[in-house]
Undergrad: 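Got a structure for you, questions after.
In what follows, residues are counted from 1 in the order of the sequence shown.
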Amino acid sequence: MDFQSFVDSVPTAACVVSVEKLVNGNYGKVCIVTGNKPYIDSIEHPADNLAMLTQKFIPNSEYTNYLTRDMNFEDACYNAAVNKKCIHAYAHPARFDVWFNMTFLPLFPDDGNICYCMYIMEVNFKPDAKRMSTISADIASAVLETCIKLRSPDDFKETMASICKDIRDLCDSEHCCILLMDTEKRKCSVLCEAFAEDTKLLPMENYVDDAFYDIADSWKDTISGSNCVIVKNEHDMEIVKERNPLWHKSITSAGGKTIVLFPLEFKNELLGYIWALNFSAEAADTIKETLELTTFILASELYSYRMMDRLHVLSSTDMLTGVMNRNEMNNYVEALAQSSSKKSVGVLFADLNGLKAVNDGGGHNAGDMLLKNAANALRDVFAIHEIFRAGGDEFVVIMTDITAEELKDKADKLRRESEKYENVVFAIGVAYESDVKNVRLALHNADELMYVDKKMYYELHPEKKRGTIDKRHGTT
């Protein structure tokens, strides 16, 4: 066949790919036989950010001369050239910040064990909604169901858990998981996971520790510029072993035989990964096409969720000490006062003694460190969501469903824990109410008792007394 004349008849970038067919369904070299002018120009005169490994096209060269090894590209070429299937994909590979509209067409006849296909590509610098929505009815139904669930008023994590189960069912896999990554703190966390009923696989909590981040961080190199990794058989697993032996060991030791792994990225930010382990290899093409679109939608939602979470942290957290701020305390008190719950409430006021003396003697940096240590002492005793910095050197702890005796024990423990930190001495007042709706009364009573404790402290330590006068209690 005159391959050159054939590709020259195609107006968009196109090339002929040869695949060396081996025994047992394996393959050898994958080469670019020839290409038309638009395709060769994409190598020798690339657009911005689309440069390949070399800018010189040489006919019949292995495709890895031009880009790093891509298991998905090889799989598409193999299915088109060897299995004589027509393949279409619309994907956003990690190596380029563009979308590729790709078609792989089988060519006849074979030349012995050398099989051929034509690869046609179109580059979109922005995602094309029409291209993305050109999918089968089954895939469209699965993606639409995901979109509907994401718009539901349910708790976000519960919704994601339901979607994770749906994806596991779609893939007919033993396990599906969405893993979040904090690239700044180098930490991983499991958002949700779903298991088949008869699986012997263990939950990810058995694997996700401080060292697991390094494994997850290595996945981007294993994906190697593509948009996902699909391991369908032993041949694919050997490629993973060659490319990432640490991850290969992690998968196989956990009982994994096949895996599909997609990064969750939005606006060039890696948010995490989603994977299905021990999936139905016969449905690999459908799984890939569905997850390509589903992960695009999920990544957008995760990005919005993370941004909202960060905004909430900024609006509700005291930036110096890391505990909740006064605005968050006011919102919480209002919610408790309006609550129909029959729970009790306990309030602890903890005001730092001697902050003015520390500021005067060591400067505001020393004062800031004292406030941070005060917050640390509180965290040693109370949950972070219970602690509020009400302002200046005053902290408030609000606990529900607690007894008066437990509240007293907490106050005694705080006094002991604060001794571990230099200069951290609290004036403490506690108040208990059996009905959470009386939280404001508890706040008032705890505040009054705290000032009694503070007055006693300054009577014993007049050298730490501050210069300003408290109109209510005679000192501050």
Undergrad: Is a side-chain donor or acceptor of S61 paired with a backbone partner of F57 at a separation under 3.5 angstrom?
TA: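 A pair under 3.5 Å: no.
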Undergrad: Run K84 and D110 through salt bridge (Lys or Arg N to Asp or Glu O under 4.0 Å) and show every step you take.
TA: CA-CA 10 Å; K84 305 305 179 186; D110 297 337; 2.7 Å; yes
Undergrad: How many angstroms lie between atom CD1 of I230 and atom CG of L291, to the nearest 0.5 angstrom?
TA: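 Here the interatomic distance stands at 8.0 Å.
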Undergrad: Between V424 and L370, is any pair of side-chain heavy atoms under 4.5 Å apart?
TA: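 In contact.
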Undergrad: F3: which residues meet the ring pair (Phe, Tyr, Trp, His ring centres under 6.0 Å) condition with it, sequence neighbours left out?
TA: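 Ring pair (Phe, Tyr, Trp, His ring centres under 6.0 Å) list for F3, sorted by chain: Y116.
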Undergrad: Would you say the side chain of W99 lies within less than 4.5 Å of the side chain of V123, judging by non-hydrogen atoms?
TA: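 Of all side-chain heavy-atom pairs linking W99 with V123, none is under 4.5 Å.
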Undergrad: Output yes when a side-chain donor or acceptor of N206 lies under 3.5 Å from a complementary backbone atom of P203, and no otherwise.
TA: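 Checking the backbone N and O of P203 against the side chain of N206, a donor-acceptor pair under 3.5 Å is found.
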Undergrad: Any donor and acceptor pair, going by atom type alone, linking the side chain of S316 with main-chain N or O of M324 inside 3.5 Å?
TA: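 No, because the side chain of S316 does not come within donor-acceptor range (under 3.5 Å) of the backbone of M324.
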Undergrad: Would you list the pairs meeting side chain to side chain donor-acceptor pair (under 3.5 Å) in which at least one residue belongs to residues 368-380, sequence neighbours left out?
TA: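 Residue pairs with at least one partner in residues 368-380: N376-R379, D380-Y421.
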Undergrad: Looking at R69, is its backbone amide N or carbonyl O close enough to the side chain of R243 to form a donor-acceptor pair, meaning the two atoms are under 3.5 Å apart?
TA: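 Yes, because the side chain of R243 sits within donor-acceptor range (under 3.5 Å) of the backbone of R69.
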Undergrad: Specify the closest pair of heavy atoms between A276 and S173, including all atoms of both residues, with the distance to one decimal.
TA: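 Heavy-atom minimum between the residues: CB-OG, 3.7 Å.
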Undergrad: So among F104, Y63, F100, Y66, which one has a ring-ring contact (aromatic ring centres under 6.0 Å, His included) with Y119?
TA: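 When ring-ring contact (aromatic ring centres under 6.0 Å, His included) is applied between Y119 and each of F104, Y63, F100, Y66, only F104 qualifies.
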Undergrad: In chain order, what residues pass the ring pair (Phe, Tyr, Trp, His ring centres under 6.0 Å) check against Y78, with sequence neighbours excluded?
TA: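 Y27.
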Undergrad: Considering only heavy atoms from C-beta outward, does the side chain of L277 approach that of F195 to under 4.5 Å?
TA: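 No, side chains not in contact.
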Undergrad: Look only at the side chain of R168 and the backbone of H175, and say whether a donor-acceptor pair between them is shorter than 3.5 Å.
TA: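 Absent.
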Undergrad: With rounding to the nearest 0.5 angstrom, report the CE to OG1 distance, M121 to T103.
TA: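 Going from CE on M121 over to OG1 on T103, the span is 12.0 Å.
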Undergrad: Thinking salt bridges, do E406 and K410 make one under a 4.0 Å N-O criterion?
TA: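 A salt bridge is absent here (no side-chain N lies under 4.0 Å from a carboxylate O).
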Undergrad: Between T400 and K343, is any side-chain donor less than 3.5 angstrom from a side-chain acceptor?
TA: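 Checked: T400/K343 side chains show no N/O donor-acceptor pair below 3.5 Å.
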Undergrad: Quick one: CG on L378 to OG1 on T321, what's the gap to the nearest 0.5 Å?
TA: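 So the CG of L378 and the OG1 of T321 are separated by 9.0 Å.
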Undergrad: Out of D182, D214, D210, which residue meets the salt bridge (charged side-chain N to carboxylate O under 4.0 Å, His left out) rule with K187?
TA: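 Going through D182, D214, D210 one by one, the salt bridge (charged side-chain N to carboxylate O under 4.0 Å, His left out) with K187 is satisfied by D210 alone.
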Undergrad: At their closest point, which heavy atom of C117 faces which heavy atom of A80, and how far apart are they?
TA: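 In terms of heavy atoms, the two residues are closest at CB-CB, 3.7 Å.
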Undergrad: How many angstroms lie between CG in L170 and CD in E145, if you round to the nearest 0.5 Å?
TA: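 The CG atom of L170 sits 10.0 Å away from the CD atom of E145.
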Undergrad: Just wondering, do I215 and Y207 contact through their side chains at under 4.5 Å, heavy atoms?
TA: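 They are not in side-chain contact.
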Undergrad: Quiz question: by atom type and distance under 3.5 Å, do the side chains of N124 and Y90 form a donor-acceptor pair?
TA: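 There is such a pair (donor and acceptor under 3.5 Å, judged by atom type) between the side chains of N124 and Y90.
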Undergrad: Kindly indicate, with the supporting measurements, whether the criterion side-chain contact (heavy atoms from CB on, under 4.5 Å) is fulfilled by N101 and H88.
TA: CA-CA 8 Å; N101 185 26; H88 175 260; 2.6 Å; yes
Undergrad: For S300, does its backbone N or O pair with a side-chain atom of S304 as donor and acceptor, under 3.5 Å?
TA: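 Yes, S304 side chain to S300 backbone: donor-acceptor pair under 3.5 Å.
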Undergrad: Are D318 and R326 close enough for a salt bridge, meaning some N to O gap below 4.0 Å?
TA: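 Judged by the 4.0 Å cut-off on N to carboxylate O distance, D318 and R326 do not form a salt bridge.
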Undergrad: Say you draw a straight line from CD of E282 to CD1 of I287; how long is it, rounded to the nearest 0.5 Å?
TA: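 Atom-to-atom, E282:CD and I287:CD1 are 9.5 Å apart.
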Undergrad: Hey, could you give me each pair passing ring-ring contact (aromatic ring centres under 6.0 Å, His included) that has a residue in residues 317-346? Not counting sequence neighbours.
TA: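 Every pair satisfying ring-ring contact (aromatic ring centres under 6.0 Å, His included) with a residue in residues 317-346: Y332-F388.
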Undergrad: Specify the closest pair of heavy atoms between W247 and L261, including all atoms of both residues, with the distance to one decimal.
TA: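 Answer, listing the atom of W247 first, then L261: CH2-CD2, 3.7 Å.
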Undergrad: Hey, are the side chains of I114 and E20 touching, using non-hydrogen atoms and a 4.5 Å cut-off?
TA: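 Sidechains of E20 and I114: in contact.
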Undergrad: Would you call D409-K413 a salt bridge at under 4.0 Å N-O?
TA: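 Not counted as a salt bridge, because no side-chain N and carboxylate O are separated by less than 4.0 Å.
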Undergrad: If only atom types and distance count, is the side chain of S226 paired as donor or acceptor with the main-chain N or O of I223 below 3.5 Å?
TA: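 Absent.
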Undergrad: Test side-chain contact (heavy atoms from CB on, under 4.5 Å) on Y305 and E301; report intermediate values, then the result.
TA: CA-CA 6 Å; Y305 174 74; E301 289 294 324; over 6 Å; no
Undergrad: Does any part of the side chain of V208, heavy atoms only, come nearer than 4.5 Å to the side chain of L179, both counted from C-beta?
TA: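 Side chain of L179 against side chain of V208, heavy atoms only: contact under 4.5 Å found.
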Undergrad: If you compare all heavy atoms of L270 against all heavy atoms of T183, which two are closest, and at what distance to 0.1 Å?
TA: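 Closest approach of L270 to T183, heavy atoms only: O-CG2, 4.4 Å.
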Undergrad: Quick one: do D155 and K157 satisfy salt bridge (Lys or Arg N to Asp or Glu O under 4.0 Å)? Show the steps, please.
TA: CA-CA 6 Å; D155 178 80; K157 291 185 178 180; over 6 Å; no
Undergrad: Donor-acceptor check, side chain of N72 to backbone of C228, threshold 3.5 angstrom: yes or no?
TA: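 Indeed, once roles are kept as given, a pair shorter than 3.5 Å links the two residues.
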Undergrad: What donor-acceptor contacts under 3.5 angstrom involve side-chain atoms of residues 30-39, with partners at least two apart or in another chain?
TA:
from, atom 1, to, atom 2, distance (Å)
T34, OG1, Q4, OE1, 2.4
N36, OD1, A14, N, 3.1
N36, OD1, Y39, N, 3.0
N36, ND2, V7, O, 3.3
N36, ND2, V10, O, 3.0
N36, ND2, T12, O, 2.8
K37, NZ, D41, OD2, 2.7

Undergrad: Y273 and ring-ring contact (aromatic ring centres under 6.0 Å, His included): which single residue from F262, F212, W219 fits?
TA: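 In the set F262, F212, W219, the residue that makes a ring-ring contact (aromatic ring centres under 6.0 Å, His included) with Y273 is W219.
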Undergrad: Check the pair L336 / V333 against side-chain contact (heavy atoms from CB on, under 4.5 Å), numbers first and verdict last.
TA: CA-CA 5 Å; L336 292 178; V333 168; 5.7 Å; no
Undergrad: Working to the nearest 0.5 Å, report the span between SG of C171 and CG of D166.
TA: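 One finds 11.0 Å between SG of C171 and CG of D166.
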Undergrad: For S339, which residues count as a side chain to side chain donor-acceptor pair (under 3.5 Å) partner, sequence neighbours excluded?
TA: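 S339 satisfies side chain to side chain donor-acceptor pair (under 3.5 Å) with no other residue.
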Undergrad: Any chance you could lay out the side-chain contact (heavy atoms from CB on, under 4.5 Å) test for L298 and T146, step after step, and finish with the verdict?
TA: CA-CA 9 Å; L298 289 179; T146 296; 4.1 Å; yes
Undergrad: Identify the heavy atoms of E174 and K200 that sit nearest to each other, and give their distance.
TA: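 Taking E174 first and K200 second, the nearest heavy atoms are OE1-N, 4.0 Å.
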Undergrad: So, does N278 use its side chain to make a donor-acceptor pair with the main chain of T258 at under 3.5 Å?
TA: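 Judged by distance alone, yes, a pair lies under 3.5 Å.
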Undergrad: Any non-hydrogen side-chain atom of I58 less than 4.5 Å from a side-chain atom of N65?
TA: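 No, every pair of side-chain atoms sits at 4.5 Å or beyond.
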Undergrad: For L105, is there any backbone N or O sitting under 3.5 Å from a side-chain donor or acceptor partner on K85?
TA: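 Not confirmed, K85 side chain does not pair with L105 backbone.
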Undergrad: Identify whether the distance between the nearest side-chain nitrogen and carboxylate oxygen of D75 and K288 falls below 4.0 Å.
TA: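 Salt bridge absent between D75 and K288.
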Undergrad: Determine the minimum heavy-atom distance between P46 and S42, stating which atoms define it.
TA: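 It is CB-O, 3.5 Å.
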Undergrad: Report yes if the side chains of L371 and F395 come closer than 4.5 Å at any heavy-atom pair, otherwise no.
TA: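 Contact flag for L371/F395 side chains = yes.
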